[in-house]
Amino acid sequence: MFPIGTTTVTYLVTDASANTATCSFTVTVNDTQNPAIVCPGNITQNNDAGVCGATITYATPVGTDNCPAPITTLTAGQASGTVFPAGTTTVTYLVTDASANTASCSFDVTVDDVENPVIVCPANITQNNDAGVCGATITYATPVGTDNCPGAITTLTAGQASGTIFPIGTTTVTYEVEDQTSNIVSCSFTVTVNDTQLPAIVCPANITQSNDLNVCGATITYATPVGTDNCPAPVTTLT
């Protein structure tokens, strides 16, 4: 069996008088057989707690060949035992033999982000109305959601933003945070504005008038007072 590569073969002939002659030729064996490599199957795993990814361990593939010492190389993705990001990563290994024949294999590592984001709302708020206003300007620390992965979006879904005028009564304020994989969490608090401002009413001045002729009294006309308030539709009644 001739090895891979070129081997020179030489024959010598010697006659009875010790005269000699030689001839040579070469035998070249080309390695045309590709190496072989087998990757593990696709991997799906949930994220590690508090991490936007997961530590993935797999059996690192090692190529084989008909000739010794093929070299296996990671050409895409990440090595076993490293933190793979949320989403799908394709891992590719390449094996190359001494004759530059190659083979490769690939598999997917999918990390599912199953961790909900977190959001904390302020405590309930109770406040009196602003002077002359049927409500109150309410300022609160706007909640911002956090998540194990970047890019979570916080949205006001009910109520009003901080720094706006809340009406008299109780308003429920709700904030929602959604992460990049559509995990959603919300929180709520109430804002209660009490109307403590009294309405106002002004009567005309006292009236003194003589009786009407032959009447035991007098027809009196005055500007009927109408009450006002910081909130609409106060009701004025003659009591």
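Values reported hereafter were calculated over all heavy atoms of this structure, with side chains retained and with hydrogens, waters and symmetry mates removed. These numbers come from a predicted model, not from an experiment.
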(message) Taking Ile168's backbone N and O only, do any of them form a donor-acceptor pair with Asn129's side chain (distance below 3.5 Å, no angle check)?
(response) no
(request) Might you work through the side-chain contact (heavy atoms from CB on, under 4.5 Å) test for Ile56 and Gln45, ending with a clear yes or no? (result) CA-CA 8 Å; Ile56 303 295; Gln45 188 170 314; 3.5 Å; yes
(request) Give a yes-or-no answer on whether the side chains of Thr14 and Thr20 include a donor-acceptor pair shorter than 3.5 Å. (result) no
(request) Please report the C-alpha distance between Thr155 and Glu178 in whole Å, then the side-chain angles of each, then the deciding distance to 0.1 Å, and finally whether the side-chain contact (heavy atoms from CB on, under 4.5 Å) criterion is met. (result) CA-CA 8 Å; Thr155 307; Glu178 181 175 1; over 6 Å; no
(message) Grouping I, L, V, M, F, W and Y whenever their side-chain heavy atoms are under 4.5 Å apart, do Tyr11 and Phe2 come out in a common cluster?
(response) yes
(request) Determine, using the 4.5 Å side-chain heavy-atom cutoff (strictly less than), whether Phe25 and Ile4 are members of one ILVMFWY cluster. (result) yes
(message) Give me the atom names and distance for the closest heavy-atom approach of Val120 to Pro143.
(response) O-CB, 3.3 Å
(request) For residues 62-73, pull every pair meeting side chain to side chain donor-acceptor pair (under 3.5 Å), keeping only residues two or more places apart or in separate chains. (result) Asp31-Asn66
(message) Checking the side chain of Asp179 only, and the main-chain atoms of Cys149 only, is there a donor and an acceptor separated by less than 3.5 Å?
(response) no
(message) Assess the residue pair Asn124 and Thr192 against the criterion (side-chain contact (heavy atoms from CB on, under 4.5 Å)); give the C-alpha distance rounded to whole Å, side-chain angles, the decisive distance to 0.1 Å, and a yes or no.
(response) CA-CA 8 Å; Asn124 295 336; Thr192 300; over 6 Å; no
(request) Using modelled atom types only, decide if a donor and an acceptor are shared between the side chain of Glu115 and the backbone of Gly50 within a distance under 3.5 Å. (result) yes
(request) State, to 0.1 Å, how close Asn211 and Ala218 come at their nearest heavy-atom pair, and which atoms those are. (result) CA-CB, 3.9 Å
(request) Could you tell me whether the side chains of Ser162 and Thr139 share a donor-acceptor contact shorter than 3.5 Å? (result) no
(request) Could you tell me which residues satisfy ring-ring contact (aromatic ring centres under 6.0 Å, His included) with Phe107, sequence neighbours excluded, listed by chain and number? (result) Tyr58
(message) To check you understand the geometry: which heavy-atom pair defines the closest contact between Val226 and Ile201, and what is its length?
(response) C-CG1, 4.3 Å
(request) For residues Val173 and Phe166, determine if any side-chain heavy atom of one lies less than 4.5 Å from a side-chain heavy atom of the other. (result) yes
(message) Are more than 12 heavy atoms, taken from residues, nucleotides or ligands other than Ile71, located less than 6.0 Å from that residue's CD1 atom?
(response) no
(request) Please confirm whether the backbone N or O of Asp108 pairs with a side-chain atom of Asn42, one donor and one acceptor, at under 3.5 Å? (result) yes
(request) Establish whether Val193 and Phe189 are linked, either directly or via other cluster members, by ILVMFWY side-chain heavy-atom contacts under 4.5 Å. (result) yes
(request) Might you point out which heavy atoms bring Thr82 and Ala79 nearest each other, and give the distance in Å? (result) OG1-O, 2.7 Å
(message) Test your reading of the model: is there a side-chain donor-acceptor pair from Asp195 to the backbone of Gln197, 3.5 Å cut-off?
(response) yes
(request) Show your working on side-chain contact (heavy atoms from CB on, under 4.5 Å) between Thr75 and Ser104 and close with a plain yes or no. (result) CA-CA 9 Å; Thr75 59; Ser104 65; over 6 Å; no
(request) Give, for atom OG of Ser80 and atom CG of Leu74, the distance between the pair rounded to the nearest 0.5 Å. (result) 10.5 Å
(request) Indicate yes or no for a side-chain donor-acceptor contact from Thr154 to the backbone of Gly145 under 3.5 Å, with no hydrogens or angles considered. (result) yes
(message) Can a side-chain donor-acceptor contact be found between Asp15 and Ser17 if the only test is distance below 3.5 angstrom?
(response) no
(request) Return the minimal non-hydrogen interatomic distance between Thr219 and Asp212, and the atom names on each side. (result) N-OD2, 2.9 Å
(message) Is there a side-chain contact between Ile43 and Phe84 in this structure, where contact means two heavy atoms from C-beta onward sitting under 4.5 Å apart?
(response) no
(message) Can a donor-acceptor pair be found, under 3.5 Å and without considering hydrogens, that links the side chain of Asn116 to the backbone of Asn183?
(response) no
(request) Using the side-chain contact (heavy atoms from CB on, under 4.5 Å) rule, pick out the option among Val95, Thr102, Asn101 that qualifies with Asn34. (result) Asn101
(message) Would you say Val185 ends up clustered with Tyr175 if hydrophobic residues are merged whenever their side chains have heavy atoms under 4.5 Å apart, either directly or through other cluster members?
(response) yes
